[in-house]
Amino acid sequence: MLTRIDHIGIACFDLDATAEFYCRTYGFTVASIESSQEMGVREAMLRVGGTDDGGASWIQLLEPLGEGGPVAGWLARNGEGVHHIAFGTADVEAATAAAGEHGVRSVYPEPRPGSRGSRINFLHPKDCHGVLTELVTATGAGGAAT
Ligand code: MC0
């Protein structure tokens, strides 16, 4: 079962400048910055809101590490903008399998490591009305970076 919108992934050319824009304009805070060679990105998680029980939502900024990865290719074709939407789930394998029962292909046969210790998979945009869709199981309760 999908429990929440975990984050929106935004592709950008300059992660530091884009993070500065979001923090200055909206008052968001940078919770983490990591690099993933596997995904070919440097990424920042920006905390949006949050409550006393730890609830928050997230903007994920994605800057390509090189020219070969999916974000680099997407930026070259489209320029900056929304790259994917991510839904939270307690069980990424089960959520991926459930989508598969509806004919939706996953990008990876097994979950891979994601931001802040999460486990992730992607659903192909061609099976999701043009939206690259990520499924995320966080290490802690409540979201990818909570
Ligand atoms: C590609 N397409 C997209 C898209 N990327 N449509 C919507 N949103 C996107 N982000 C469309 C293209 O326009 C094209 O459509 C078709 O899909 C094939 O694209 P392609 O790039 O030529 O083909 P592939 O197969 O090489 O790549 C597509 C695929 C790839 C979704 C498989 O982007 C992928 O593996 N993505 C998952 C990994 C990823 O995105 N990692 C970066 C975020 P036409 O109509 O021209 O055929 S890492 C992350 O987010 C982690 C750190 C985390 O959250 O923890």
Side-chain angles (χ1 to χ4, degrees), residues 1-23 26 28-50 54-146:
M1 189 174 82
L2 305 183
T3 51
R4 63 199 299 268
I5 295 173
D6 186 277
H7 66 265
I8 306 290
I10 296 175
C12 60
F13 292 112
D14 184 333
L15 184 138
D16 296 322
T18 309
E20 196 275 331
F21 165 80
Y22 275 93
C23 293
Y26 304 121
F28 300 161
T29 53
V30 177
S32 62
I33 296 180
E34 298 175 60
S35 290
S36 168
Q37 296 291 338
E38 186 177 1
M39 293 286 166
V41 294
R42 180 168 168 254
E43 54 95 4
M45 278 297 205
L46 275 53
R47 184 187 299 271
V48 181
S57 50
W58 307 89
I59 295 291
Q60 181 184 54
L61 304 179
L62 300 158
E63 176 191 77
L65 281 176
E67 291 182 3
V71 173
W74 191 88
L75 270 170
R77 283 196 301 273
N78 303 288
E80 295 184 314
V82 174
H83 178 261
H84 67 265
I85 183 168
F87 295 117
T89 173
D91 187 337
V92 63
E93 282 105 335
T96 303
E101 288 172 11
H102 294 277
V104 178
R105 292 166 291 166
S106 60
V107 171
Y108 306 124
E110 301 292 339
R112 295 197 175 183
S115 176
R116 298 176 68 88
S118 61
R119 297 171 68 244
I120 64 173
N121 208 332
F122 288 87
L123 305 178
H124 202 284
K126 290 299 176 189
D127 294 344
C128 302
H129 296 267
V131 178
L132 177 61
T133 302
E134 182 180 339
L135 304 176
V136 183
T137 296
T139 47
T146 302

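For ligands, and for the atoms within them, numbers begin at 1 and follow the listed sequence.
When all heavy atoms of Gly49 and Ala56 are compared, the closest pair comes out as O-CB, 4.2 Å. Of all heavy-atom pairs between Arg42 and Leu65, the closest is N-CG, 3.8 Å.
A distance limit of 4.0 angstrom between heavy atoms and ligand 1 selects the residues His7, Met39, Gln60, Pro70, Val71, Trp74, Arg77, His83, His84, Val107, Tyr108, Gly114, Ser115, Ile120, Phe122, Pro125, Lys126, Gly130, Leu132, Glu134.
Atoms CG and NE2, on Leu61 and His7 in that order, are 10.5 Å from each other to the nearest 0.5 Å. With rounding to the nearest 0.5 Å, the separation of CG in Leu46 from CH2 in Trp58 is 9.0 Å.
A donor-acceptor contact shorter than 3.5 Å is absent between the side chain of Asn121 and the backbone of Leu135.
Sorted by first and then second residue, the salt bridge (charged side-chain N to carboxylate O under 4.0 Å, His left out) pairs with a member in residues 101-115 read Glu38-Arg112, Arg105-Asp127; sequence neighbours excluded.
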